Asks: 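My questions will all concern the structure given below.
The shown structure was predicted, so the numbers you read here are calculated from the model rather than taken from an experiment.
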Amino acid sequence: MAAFEQVTLQASPPIARVTLPAAAGAIAAFFVSPPQGATSAVLLLPGNDEPKEWMLPTARAAAGRGLAALAVDLPGYGESGLLGSRFTGADALAGCAASAIAFLRDRGVT
């Protein structure tokens with residue numbers, strides 16, 4: 001996480017580390033958007049054995065095509081697990097997805 005923090009400080013476009021609220025607990029994510037902003041986005045959900053940070057090349061490719069990208073550590077995995085979130089089944093996934101969609105909508109992304 002310390003190495004990724006260093007990447008975020010030098011990134012272009014900027015990488016914003018965010019925490020999403022969810023019933024399963026805090027969800028760690030990062031958000032990348034092209035300089036001109038975006039009205040569409042991709043939601044990146046890594047598998048259970050890879051962290052959201054591995055999604056950075058895909059997020060940058062999306063931004064290069066005019067899309068925002070939100071990469072999320074699922075409940076109980078990666079940094080989200082360190083923040084205390086727990087995977088409790090379909091409800092935890094639904095809450096994570098709803099929180100991610102709300103975050104994007106709050107930024108004008110549909």
Side-chain angles (χ1 to χ4, degrees):
M1 289 187 298
F4 187 72
E5 185 67 30
Q6 290 300 313
V7 170
T8 66
L9 297 174
Q10 303 169 26
S12 180
I15 301 167
R17 295 184 68 199
V18 297
T19 304
L20 308 175
I27 303 297
F30 72 79
F31 180 68
V32 178
S33 185
Q36 70 276 14
T39 58
S40 297
V42 294
L43 179 58
L44 303 170
L45 304 168
N48 66 0
D49 64 343
E50 58 190 2
K52 67 184 176 311
E53 291 80 9
W54 288 7
M55 300 290 106
L56 184 56
T58 304
R60 285 182 166 159
R65 290 171 175 78
L67 299 168
L70 180 65
V72 176
D73 273 335
L74 294 171
Y77 293 94
E79 192 177 358
S80 292
L82 295 174
L83 292 174
S85 74
R86 295 292 172 253
F87 178 75
T88 57
D91 289 343
L93 291 179
C96 176
S99 188
I101 291 168
F103 175 87
L104 292 170
R105 284 191 179 145
D106 287 349
R107 281 146 190 83
V109 177
T110 57

Asks: Throw together a table of side-chain donor-acceptor distances under 3.5 angstrom for residues 87-107, partners on residues two or more places apart or in other chains.
Replies:
residue, atom, partner, partner atom, Å
S99, OG, P21, O, 2.6
R107, NH1, F103, O, 2.9

Asks: Does L45 belong to the same Ile/Leu/Val/Met/Phe/Trp/Tyr cluster as F30, with side-chain heavy atoms less than 4.5 Å apart forming each link?
Replies: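 Different clusters.
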Asks: Between L44, V42, V32, which is the residue that forms a side chain to side chain contact (heavy atoms under 4.5 Å, CB included) with M55?
Replies: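 The option that passes is L44.
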Asks: Sequence neighbours left out, cut at 3.5 Å: what donor-acceptor pairs do the side chains of residues 64-85 make with other protein atoms?
Replies:
residue, atom, partner, partner atom, Å
R65, NH1, A61, O, 3.1
D73, OD1, K52, N, 2.8
D73, OD2, K52, NZ, 3.1
D73, OD2, E79, N, 2.9
E79, OE1, R17, NH2, 3.0
E79, OE1, K52, NZ, 2.7
E79, OE2, R17, NH2, 2.6
S80, OG, A28, N, 2.8
S80, OG, D73, O, 2.6
S85, OG, G76, N, 2.8
S85, OG, S80, O, 3.0

